[in-house]
Amino acid sequence: MTSAVERPFLFLDVDGPLIPFGVPAGDLETAADASTASDGGNPLVRRLDPGVGARLLALGCRLVWATTWREEANEIVSPRIGLPRLPVVPWPSLCAGDGPHGLHGKTSALVEWADGRPFIWVDDEISAMDRLWVEAAHPVPALLHRVDPAKGLTNTDFSTLTDWLGAVARG
(Lines give C-alpha, C1' and ligand atoms only; values in the text may rest on other atoms or scores of the structure.)
Protein backbone atom coordinates (compact mmCIF):
# COMPACT_ATOMS: atom_id res chain seq x y z
CA MET A 1 0.00 0.00 0.00
CA THR A 2 2.13 2.84 -1.24
CA SER A 3 -0.39 5.44 -2.32
CA ALA A 4 -3.66 6.91 -1.12
CA VAL A 5 -5.42 5.26 -4.06
CA GLU A 6 -4.27 1.82 -2.92
CA ARG A 7 -5.15 2.23 0.75
CA PRO A 8 -8.16 0.17 1.78
CA PHE A 9 -11.34 1.92 2.75
CA LEU A 10 -12.51 1.62 6.32
CA PHE A 11 -16.29 2.00 6.40
CA LEU A 12 -17.26 3.05 9.92
CA ASP A 13 -20.58 2.81 11.72
CA VAL A 14 -21.26 5.01 14.77
CA ASP A 15 -23.86 3.32 16.98
CA GLY A 16 -22.30 0.23 18.53
CA PRO A 17 -18.68 0.53 17.34
CA LEU A 18 -18.05 4.13 18.48
CA ILE A 19 -20.97 4.61 20.86
CA PRO A 20 -21.21 1.42 22.91
CA PHE A 21 -24.56 0.54 24.38
CA GLY A 22 -23.40 -1.41 27.44
CA VAL A 23 -23.56 0.93 30.43
CA PRO A 24 -25.43 0.82 33.72
CA ALA A 25 -28.98 2.24 33.59
CA GLY A 26 -28.10 5.00 36.07
CA ASP A 27 -25.48 6.35 33.69
CA LEU A 28 -28.13 6.61 30.96
CA GLU A 29 -30.41 8.68 33.16
CA THR A 30 -27.57 11.01 34.16
CA ALA A 31 -26.52 11.43 30.52
CA ALA A 32 -30.10 12.14 29.43
CA ASP A 33 -30.39 14.89 32.03
CA ALA A 34 -27.17 16.51 30.79
CA SER A 35 -27.94 16.44 27.04
CA THR A 36 -26.95 19.65 25.21
CA ALA A 37 -27.23 21.17 21.75
CA SER A 38 -23.56 20.30 21.07
CA ASP A 39 -24.36 16.60 21.27
CA GLY A 40 -27.22 16.95 18.80
CA GLY A 41 -29.69 16.14 21.57
CA ASN A 42 -28.24 12.63 21.79
CA PRO A 43 -27.00 11.89 25.31
CA LEU A 44 -25.22 8.75 24.08
CA VAL A 45 -22.61 10.93 22.35
CA ARG A 46 -20.94 11.27 25.76
CA ARG A 47 -19.85 7.65 25.41
CA LEU A 48 -17.50 8.48 22.53
CA ASP A 49 -13.85 7.78 23.35
CA PRO A 50 -11.90 10.93 22.40
CA GLY A 51 -8.80 8.81 21.65
CA VAL A 52 -10.42 6.48 19.13
CA GLY A 53 -10.04 8.92 16.23
CA ALA A 54 -6.24 8.89 16.47
CA ARG A 55 -6.25 5.08 16.57
CA LEU A 56 -8.45 4.94 13.46
CA LEU A 57 -6.25 7.42 11.60
CA ALA A 58 -3.14 5.42 12.55
CA LEU A 59 -4.51 2.41 10.66
CA GLY A 60 -3.70 4.24 7.41
CA CYS A 61 -7.04 3.51 5.76
CA ARG A 62 -9.27 5.86 3.82
CA LEU A 63 -11.94 6.45 6.49
CA VAL A 64 -15.55 6.76 5.31
CA TRP A 65 -18.71 7.12 7.40
CA ALA A 66 -21.06 4.18 6.83
CA THR A 67 -23.75 5.18 9.27
CA THR A 68 -27.34 6.32 9.36
CA TRP A 69 -25.97 9.41 11.12
CA ARG A 70 -24.92 10.55 7.63
CA GLU A 71 -23.48 14.13 7.72
CA GLU A 72 -24.25 14.41 11.44
CA ALA A 73 -21.30 12.07 11.96
CA ASN A 74 -19.06 14.85 10.62
CA GLU A 75 -20.83 17.55 12.62
CA ILE A 76 -21.15 15.79 15.97
CA VAL A 77 -18.91 12.71 16.11
CA SER A 78 -15.76 13.73 14.18
CA PRO A 79 -14.91 16.76 16.37
CA ARG A 80 -15.38 14.75 19.57
CA ILE A 81 -12.98 11.99 18.52
CA GLY A 82 -10.41 14.00 16.57
CA LEU A 83 -11.31 13.04 13.02
CA PRO A 84 -11.46 15.39 10.04
CA ARG A 85 -14.57 15.57 7.91
CA LEU A 86 -14.97 12.22 6.20
CA PRO A 87 -16.85 11.16 3.09
CA VAL A 88 -20.28 9.71 3.83
CA VAL A 89 -21.74 6.73 2.00
CA PRO A 90 -25.17 7.77 0.73
CA TRP A 91 -27.91 5.25 1.46
CA PRO A 92 -30.41 5.00 -1.39
CA SER A 93 -32.62 2.89 0.84
CA LEU A 94 -31.95 0.90 3.97
CA CYS A 95 -35.20 -0.96 3.52
CA ALA A 96 -35.26 -4.73 3.36
CA GLY A 97 -36.09 -6.39 0.09
CA ASP A 98 -33.21 -5.07 -2.06
CA GLY A 99 -31.26 -8.31 -1.75
CA PRO A 100 -31.40 -11.78 -0.24
CA HIS A 101 -33.14 -12.26 3.10
CA GLY A 102 -30.76 -11.22 5.90
CA LEU A 103 -28.59 -8.93 3.77
CA HIS A 104 -27.97 -5.63 5.55
CA GLY A 105 -29.20 -2.56 3.69
CA LYS A 106 -25.65 -1.12 3.71
CA THR A 107 -23.88 -4.09 2.14
CA SER A 108 -24.41 -3.52 -1.57
CA ALA A 109 -23.79 0.24 -1.23
CA LEU A 110 -20.42 -0.41 0.45
CA VAL A 111 -19.34 -2.85 -2.26
CA GLU A 112 -20.37 -0.32 -4.89
CA TRP A 113 -18.48 2.51 -3.11
CA ALA A 114 -15.34 0.33 -2.79
CA ASP A 115 -15.43 -0.20 -6.57
CA GLY A 116 -13.11 -3.19 -6.60
CA ARG A 117 -10.72 -1.94 -3.91
CA PRO A 118 -10.01 -3.64 -0.57
CA PHE A 119 -12.11 -2.52 2.38
CA ILE A 120 -12.92 -3.03 6.03
CA TRP A 121 -16.46 -2.59 7.28
CA VAL A 122 -16.77 -2.00 11.03
CA ASP A 123 -20.35 -2.38 12.26
CA ASP A 124 -22.33 -4.13 14.97
CA GLU A 125 -24.96 -5.53 12.58
CA ILE A 126 -22.87 -7.62 10.17
CA SER A 127 -24.34 -11.06 9.46
CA ALA A 128 -23.27 -14.28 7.79
CA MET A 129 -25.37 -13.27 4.76
CA ASP A 130 -23.40 -10.03 4.43
CA ARG A 131 -20.13 -12.00 4.49
CA LEU A 132 -21.36 -14.46 1.85
CA TRP A 133 -22.68 -11.69 -0.39
CA VAL A 134 -19.46 -9.65 -0.21
CA GLU A 135 -17.36 -12.75 -0.85
CA ALA A 136 -19.40 -13.47 -4.00
CA ALA A 137 -19.71 -9.86 -5.23
CA HIS A 138 -16.33 -8.35 -4.32
CA PRO A 139 -13.28 -10.04 -5.91
CA VAL A 140 -10.64 -8.35 -3.71
CA PRO A 141 -9.97 -8.60 0.04
CA ALA A 142 -12.67 -7.34 2.37
CA LEU A 143 -12.93 -7.64 6.14
CA LEU A 144 -16.41 -7.42 7.57
CA HIS A 145 -15.65 -6.88 11.24
CA ARG A 146 -18.53 -7.14 13.66
CA VAL A 147 -18.05 -5.15 16.87
CA ASP A 148 -19.78 -6.07 20.12
CA PRO A 149 -22.24 -3.17 20.53
CA ALA A 150 -22.09 -3.45 24.33
CA LYS A 151 -18.34 -2.74 24.30
CA GLY A 152 -17.64 -0.74 21.14
CA LEU A 153 -14.22 -0.87 19.49
CA THR A 154 -11.71 -2.56 21.80
CA ASN A 155 -7.97 -3.23 21.71
CA THR A 156 -8.77 -6.70 20.36
CA ASP A 157 -10.76 -5.16 17.50
CA PHE A 158 -7.87 -2.83 16.62
CA SER A 159 -5.48 -5.81 16.66
CA THR A 160 -7.75 -7.65 14.22
CA LEU A 161 -7.90 -4.63 11.90
CA THR A 162 -4.12 -4.12 12.06
CA ASP A 163 -3.42 -7.80 11.38
CA TRP A 164 -5.76 -7.83 8.37
CA LEU A 165 -4.20 -4.67 6.95
CA GLY A 166 -0.74 -6.20 7.35
CA ALA A 167 -1.83 -9.34 5.49
CA VAL A 168 -3.33 -7.27 2.65
CA ALA A 169 -0.17 -5.17 2.41
CA ARG A 170 1.96 -8.31 2.12
CA GLY A 171 -0.38 -9.45 -0.65
Side-chain angles (χ1 to χ4, degrees), residues 1-21 35-94 103-126 130-131 133-134 137-138 140-149 151-169:
M1 291 182 291
T2 59
S3 73
V5 173
E6 295 172 346
R7 291 184 304 159
F9 288 107
L10 192 157
F11 296 115
L12 187 59
D13 185 32
V14 172
D15 293 318
L18 296 180
I19 300 177
F21 298 121
S35 182
T36 67
S38 69
D39 60 23
N42 185 339
L44 301 180
V45 169
R46 294 172 182 258
R47 296 183 188 172
L48 289 166
D49 174 358
V52 76
R55 293 186 77 183
L56 290 165
L57 289 169
L59 292 171
C61 296
R62 297 175 65 193
L63 302 176
V64 179
W65 289 121
T67 175
T68 56
W69 281 62
R70 297 185 172 127
E71 271 304 322
E72 285 184 315
N74 279 320
E75 297 162 11
I76 298 170
V77 178
S78 285
R80 288 178 176 266
I81 63 173
L83 290 178
R85 291 189 72 79
L86 303 177
V88 179
V89 175
W91 307 123
S93 169
L94 288 180
L103 186 69
H104 196 291
K106 295 178 181 179
T107 309
S108 61
L110 297 180
V111 168
E112 184 177 328
W113 181 286
D115 193 26
R117 290 168 289 196
F119 72 86
I120 297 171
W121 175 20
V122 174
D123 204 308
D124 62 317
E125 296 180 344
I126 295 169
D130 298 309
R131 294 178 200 285
W133 198 89
V134 169
H138 192 68
V140 299
L143 173 65
L144 279 63
H145 184 72
R146 187 183 179 284
V147 173
D148 181 345
K151 297 177 183 175
L153 278 167
T154 64
N155 289 336
T156 302
D157 295 311
F158 276 100
S159 291
T160 299
L161 302 179
T162 300
D163 291 347
W164 185 86
L165 288 164
V168 168

Ring pair (Phe, Tyr, Trp, His ring centres under 6.0 Å) partners for His138, two or more places apart: Phe119
Side chains of Pro84 and Leu57 in contact at under 4.5 Å (non-hydrogen atoms): yes
Distance, nearest 0.5 Å, that separates CG of Leu18 from CG of Leu12: 4.5 Å
Beyond-backbone contact of Leu86 with Val64, side-chain heavy atoms, under 4.5 angstrom: no
Least distance between heavy atoms, Pro17 atom then Val147 atom: CA-CG1, 3.9 Å
Least distance between heavy atoms, Ala109 atom then Pro90 atom: CB-O, 4.4 Å
What side-chain donor-acceptor pairs closer than 3.5 Å can you find for residues 158-167, not counting sequence neighbours?
| unit_1 | atom_1 | unit_2 | atom_2 | d |
| --- | --- | --- | --- | --- |
| Ser159 | OG | Asn155 | O | 3.2 |
| Thr160 | OG1 | Thr156 | O | 3.1 |
| Thr162 | OG1 | Phe158 | O | 2.9 |

Pairwise salt bridge (Lys or Arg N to Asp or Glu O under 4.0 Å) hits with a residue in residues 9-20, at least two apart: Asp13-Lys106
Over all atoms of both residues, closest heavy-atom pair of Arg146 and Ile126: CD-O, 3.6 Å
Separation between OG1 of Thr154 and CG of Asp49, rounded to the nearest 0.5 Å: 11.5 Å
Distance, nearest 0.5 Å, that separates CZ of Arg47 from CD1 of Ile19: 8.5 Å
Close side-chain approach of Val89 to Phe9, heavy-atom, < 4.5 Å: no
Minimal non-hydrogen separation, Thr67 against Ala73, with atom names: CG2-CB, 4.0 Å
Worked verdict on Asp124 versus Phe21 for side-chain contact (heavy atoms from CB on, under 4.5 Å): CA-CA 11 Å; Asp124 62 317; Phe21 298 121; 4.1 Å; yes
Closest non-hydrogen atom pair, Cys61 against Leu10: CB-CB, 3.7 Å
Exercise: identify the closest heavy-atom pair between Trp133 and Leu103: CB-CD1, 3.5 Å
Atom pair CH2 (Trp121) and CZ (Arg131), whose distance is rounded to the nearest 0.5 Å: 9.0 Å
Under 3.5 Å: donor-acceptor pair, side chain of Arg80, backbone of Val77: no
From CA spacing to verdict: side-chain contact (heavy atoms from CB on, under 4.5 Å), Leu56, Leu153: CA-CA 10 Å; Leu56 290 165; Leu153 278 167; 4.3 Å; yes
Pairwise distance CD(Glu125) to CG(Leu144) - rounded to 0.5 angstrom: 13.0 Å
NE2 on His104 to CG on Asp123, rounded to 0.5 Å: 5.0 Å
Any Trp65 side-chain heavy atom under 4.5 Å of Val14 side chain: yes
